[in-house]
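Okay, structure first, notes after.
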Amino acid sequence: MGSASPSAAPPGCLLLPPDGLEKGAAPERRAWSPRRPATPDQGLSAFYLSYFDMLYPEDGTWAAKGPAAGAREEPPEEPEQCPVIDSQAPGGALEEHSLEQVQSMVVGEVLKDIETACRLLSITADPVGWSPGNVQKWLLWTEHQYRLPPVGRAFQDLGGKELCALSEEQFRQRSPLGGDVLHAHLDIWKSASNSEESWTDSEVDSSCSGQPIHLWQFLKELLLKPHSYGRFIRWLNKEKGIFKIEDSAQVARLWGIRKNRPAMNYDKLSRSIRQYYKKGIIRKPDVSQRLVYQFVHPI
DNA sequence: AATCAGGAGGAAG
DNA sequence: CTTCCTCCTGATT
């Protein structure tokens, strides 16, 4: 992808809504101010920065990794036992890195996040190939992840090809509040899927077009991405496989999206987890705590 | 009030 | 067949 000219986007006004965590609140349409620059360039770099903004508070690993950390390795992240992630990091350290560094880091994270989303949703990376059902999954997932106002049926029965053919204006027509953001997200997916070689279809297809994902796999996938899902579920002790569900309603919603089960809730999800007791996949830790479980075979 | 434990039946692969 | 969804009763926190 072309290296965008270093346009200075003010760090404060990015695309992401502020980190308002309303617990269990229904996704009503809230007052959400749709402001964003009009030009695509600006939109994209602002978007990457918004990603960065989202990643930054969760863990400080990028700072230790150094500038050339775009690799796809798995750094031994979070050495602590019980990291507290609810704390907001002070947003001051951004100026120490050049915009190029930040962008390459963030682009790498974006690619990994898209890859993860493909696994979690069981869809391919290339939006053009999506079925209408895939499109709905992607919409639900994206609006949930970024707390966009729900689009409802505005994109019903659209396949990936038609979705990609829509202009930003058409997105905004169908979803006045969040359509532009959705369009920007789709742009990232489109450019990501035809840019790099490493993961077009072979890698993703082999891992995601297989069997239906199991709940324990799904939970592990969420746990692997603390940047994105750490607010909902996180490790208490990664070595021992102990994790805590911080927001049961949200985890259940994500699982419901994945399984096309809109009525999913934590009551039912936890019942499925309990089935793992007998199978020796998940158990309660020695000191039982609410919403805390443990993988029997941590890795 | 939310979470936990587990029986039961059925849907879907 | 297995895994999970759904609904349930009752206990625990």
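Below, chain A is the first sequence line, B the second, and so on; all start at residue 1.
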Measure the distance from CZ on A:R261 to C1' on B:dA12 and round it to the nearest whole Å.
8 Å
For A:I281 and C:dT2, what is the distance between atoms CD1 and P respectively, to the nearest whole Å?
12 Å
Could you tell me how far apart A:D247 (CG) and B:dA2 (C1') are, to the nearest whole angstrom?
13 Å
Do NZ/NE/NH1/NH2 and the carboxylate oxygens of A:R231 and A:D247 come within less than 4.0 Å?
no
At 4.0 Å (heavy atoms only), tell me whether A:R274 reaches a base, stays on the sugar-phosphate, or touches nothing.
base
Which part of the nucleic acid, if any, lies within reach of A:Y293 when heavy atoms closer than 4.0 Å are counted: base, sugar-phosphate only, or nothing?
sugar-phosphate
Contact check, side chains of A:H183 and A:Q170, non-hydrogen atoms, under 4.5 Å
no
Check this for me, if you would: do A:E168 and A:R172 make a salt bridge, where the nitrogen-to-carboxylate-oxygen distance has to be below 4.0 angstrom?
yes
Measuring to OP1 and OP2 of C:dC4, would you say a side-chain N or O of A:K259 lies under 4.0 angstrom away?
no
Taking any heavy-atom pair under 4.0 Å as a contact, classify A:K279: base, sugar-phosphate, or nothing.
sugar-phosphate
Taking for each residue the nucleotide of DNA chain B with the nearest heavy atom, is it A:S248 or A:K278 whose nucleotide lies nearer the 5' end?
A:S248
Closer than 4.0 Å, any side-chain N/O of A:K268 to the OP1 or OP2 of C:dC4?
no
Could you give the CD1-to-P distance, from A:I213 to C:dT2, as a whole number of Å?
21 Å
Have a look at A:R258 and tell me which of A:L215, A:I213, A:L140 forms a side-chain contact (heavy atoms from CB on, under 4.5 Å) with it.
A:I213
Looking at every strand, decide which applies to A:S270 at a 4.0 Å heavy-atom threshold: base, sugar-phosphate, or nothing.
nothing
Looking at five pairs on each end of the helix from B:dA1-C:dT13 to B:dG13-C:dC1, what is the angle between the two axes, given to 10 degrees?
30°
Could you pull out the closest heavy-atom pair between A:I282 and A:Y277, with the gap in Å?
O-CD2, 3.2 Å
A side-chain contact here means heavy atoms from C-beta on lying under 4.5 Å apart; do A:L177 and A:L148 qualify?
no
Classify A:Q217 by what it touches in the nucleic acid, base, sugar-phosphate, or nothing, heavy-atom distance under 4.0 Å.
nothing
For A:Y293, does the six-membered ring have the charged nitrogen or CZ of A:K284 within the cation-pi criterion, i.e. under 6.0 angstrom from the centroid and within 45° of the normal?
yes
If you define the side chain from C-beta out and look only at heavy atoms, does anything of A:W189 sit under 4.5 Å from A:C164?
no
So does A:Y266 get a side-chain nitrogen or oxygen closer than 4.0 Å to the phosphate oxygens (OP1/OP2) of B:dC4?
yes
Between A:Y277 and B:dC4, is there a side-chain N or O to OP1/OP2 distance below 4.0 Å?
no
Tell me whether the side-chain N/O atoms of A:S272 come closer than 4.0 Å to OP1 or OP2 in C:dC4.
no
Whole angstrom is fine here: how far is it from CZ in A:R271 over to C1' in B:dG10?
14 Å
What's the closest nucleotide to the A:A263 side chain, out of C:dC5, B:dC4, C:dT6?
C:dT6
In whole angstrom, what separates A:K244's NZ from B:dC4's P?
10 Å
Counting side-chain heavy atoms from CB outward, which of B:dC4, B:dA2, C:dC5 is closest to A:R290?
B:dA2
Report the residue (A:W255 or A:D267) whose heavy-atom-nearest nucleotide on DNA chain C is the more 5′ of the two.
A:W255
